[in-house]
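Notes follow once the structure below has been shown.
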Amino acid sequence: MDDQPRLMHAHAAVGMSGHPGLSQHIPDNTGATDGDGRKQDIGDILQQIMTITDQSLDEAQARKHALNCHRMKPALFNVLCDVKEKTVLSIRGAQEEESPDAQLMRLDNMLLAEGVSGPEKGGGSAAAAAAAAASAGVGADNSTEHSDYRAKLTQIRQIYHTELEKYEQACNEFTTHVMNLLREQSRTRPISPKEIERMVNIIHRKFSSIQMQLKQSTCEAVMILRSRFLDARRKRRNFNKQATEILNEYFYSHLSNPYPSEEAKEELAKKCSITMSQVSNWFGNKRIRYKKNIGKFQEEANIYAARTAVSAASVSAHGSQTNSPSTPNSAAMRTYDHRLQ
DNA sequence: GAGCATGATTCGGA
DNA sequence: TCCGAATCATGCTC
């Protein structure tokens with residue numbers, strides 16, 4: 001396993017033609033000139049390498065062993081590594097260009113903002129903002145929907161982290177496997193540590209692109225969840241009968257000026273178990289619809305006027321109040337009617 | 001399913 | 001920022 005660095009480091013002291021040092025380290029056992037001996041050795045090795053794939057497994061193994069033991073093998077492999085390195089670099093130089101991965105950064109930032117990646121913070125700031133925005137309109141059910149949103153976001157978060165972990169584990173396993181394979185192969189073919197490193201980088205890049213896809217789908221899932229959640233604000237639910245009666249009572253008893261103050265809105269909201277915005281919406285709608293069709297609302301106004309009068313009378317009968325300030329009467333209605341004209 | 005009722009949203013004006 | 005007006009979207013009734 002670890003013989004490759006040793007094998008490659010020997011390169012500094014070994015060489016061939018154009019690679020100083022080879023002739024000084026290779027004894028000439030053939031009795032021929034140095035040049036002839038080297039050529040014969042190298043030719044022999046190359047021949048063996050070229051024909052190794054035509055042989056049976058056993059023969060190939062034996063040949064592999066013989067090659068590994070060949071006296072010229074380190075020198076030849078170093079030269080081949082050198083040549084390969086230069087060729088690959090010249091090709092890669094034209095192909096590779098490091099560009100900052102803006103898309104990945106955007107995805108990372110979004111996942112962080114949504115609370116999917118990074119430390120758990122109860123659904124993420126954007127989620128919290130969405131929840132806060134929604135709570136203004138959803139009313140009594142907002143807490144349920146909010147928790148539902150958070151539960152789903154947590155689910156997405158869990159899936160994301162599980163998948164990410166899986167990818168990282170697979171990446172590490174695959175990298176180790178490829179490294180071992182290349183080291184093993186470096187016994188029979190020229191593979192330098194640099195090349196192994198490059199291969200590792202390639203693997204990491206491939207796994208990064210898979211991770212990016214995961215991040216992208218996670219972002220999409222969060223966006224869908226958010227849009228669904230925000231759409232829920234539009235989901236209209238009728239107020240319960242009691243709430244409508246309370247609002248109508250106030251409206252008709254303040255017909256001369258049906259604009260509740262902040263305090264009144266707050267109290268009405270509390271009484272009706274709705275939000276202040278809903279109270280404002282209700283009064284806005286009521287005013288405009290009343291104005292548009294006074295005739296239609298006349299009957300309703302009379303009913304609430306009578307009801308308020310009865311309750312006022314009952315209060316005055318108890319001596320605590322002689323006259324209700326909010327008692328509706330036709331004069332008040334006329335006032336508002338006049339105002340609205 | 002049509003038509004009406006009603007809560008929510010949007011937009012322009014004061 | 002609040003309000004009126006228009007509009008949307010959904011609920012309810014028949």
Side-chain angles (χ1 to χ4, degrees), chain A residues 113-114 123-153 220-308 311 325-341:
Chain A
E114 291 296 338
S125 54
S135 69
V138 176
D141 290 327
N142 82 76
S143 59
T144 316
E145 291 185 17
H146 189 174
S147 63
D148 192 37
Y149 176 87
R150 288 174 75 159
K152 288 201 166 97
L153 194 71
E220 279 168 16
V222 172
M223 295 306 283
I224 289 167
L225 179 67
R226 279 191 69 182
S227 69
R228 273 188 196 157
F229 181 71
L230 293 175
D231 279 351
R233 288 187 302 166
R234 290 191 71 88
K235 224 175 184 183
R236 194 179 63 76
R237 279 173 200 170
N238 288 347
F239 298 155
N240 62 42
K241 204 177 168 188
Q242 196 190 355
T244 311
E245 282 195 359
I246 291 168
L247 293 167
N248 271 318
E249 231 166 72
Y250 187 96
F251 180 80
Y252 288 113
S253 63
H254 294 77
L255 207 50
S256 58
N257 185 34
Y259 297 88
S261 63
E262 286 297 296
E263 291 78 21
K265 278 183 195 172
E266 206 174 334
E267 200 182 327
L268 285 168
K270 209 181 284 179
K271 275 187 189 169
C272 301
S273 303
I274 57 176
T275 66
M276 280 177 71
S277 334
Q278 285 177 301
V279 173
S280 299
N281 285 339
W282 190 92
F283 273 89
N285 285 324
K286 190 73 183 180
R287 282 191 298 265
I288 193 85
R289 282 161 188 165
Y290 178 83
K291 181 190 156 185
K292 272 187 180 173
N293 201 345
I294 292 173
K296 195 186 98 182
F297 286 99
Q298 193 68 54
E299 197 183 339
E300 190 180 61
N302 289 336
I303 292 167
Y304 280 100
R307 198 181 294 179
T308 315
S311 76
S326 61
T327 301
N329 51 51
S330 51
M333 286 177 71
R334 275 198 301 277
T335 310
Y336 182 53
D337 294 352
H338 180 71
R339 257 183 66 143
L340 294 173
Q341 301 309 317

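Reminder, nothing fancy here: chain letters follow the sequence lines and each chain counts from 1. None of these values were measured; they are calculated from a predicted model.
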Of A/Y259, A/Y290, A/Y304, which meets ring pair (Phe, Tyr, Trp, His ring centres under 6.0 Å) against A/F251? A/Y290

To the nearest angstrom, how far is A/N281 atom CG from B/dC11 atom P? 15 Å

In this structure, how many angstroms lie between the P atom of B/dG7 and the CD1 atom of A/I288, rounded? 15 Å

Closest nucleotide of DNA chain B for A/K296 versus for A/V279: which of these residues is on the 5' side? A/K296

Rounded to whole angstroms, how far apart are OH on A/Y259 and P on C/dT1? 20 Å

Could you state the atom-to-atom distance from NZ of A/K286 to C1' of B/dA5 in whole Å? 11 Å

Pair A/F297 + A/Y252: ring centers closer than 6.0 Å: no

Determine yes or no for a side-chain-to-main-chain donor-acceptor pair under 3.5 angstrom, with A/S273 supplying the side chain and A/A269 the backbone. no

Using atom CZ of A/F239 as one end and atom C1' of C/dC12 as the other, report the distance to the nearest whole Å. 16 Å

Integer-rounded Å distance: C/dC8 P and A/N285 CG: 15 Å

Figure out the NZ/P separation between A/K292 and C/dC3, and round it to whole Å. 18 Å

Rounded to whole angstrom units, what separation is found between the CG atom of A/N238 and the P atom of C/dT13? 9 Å

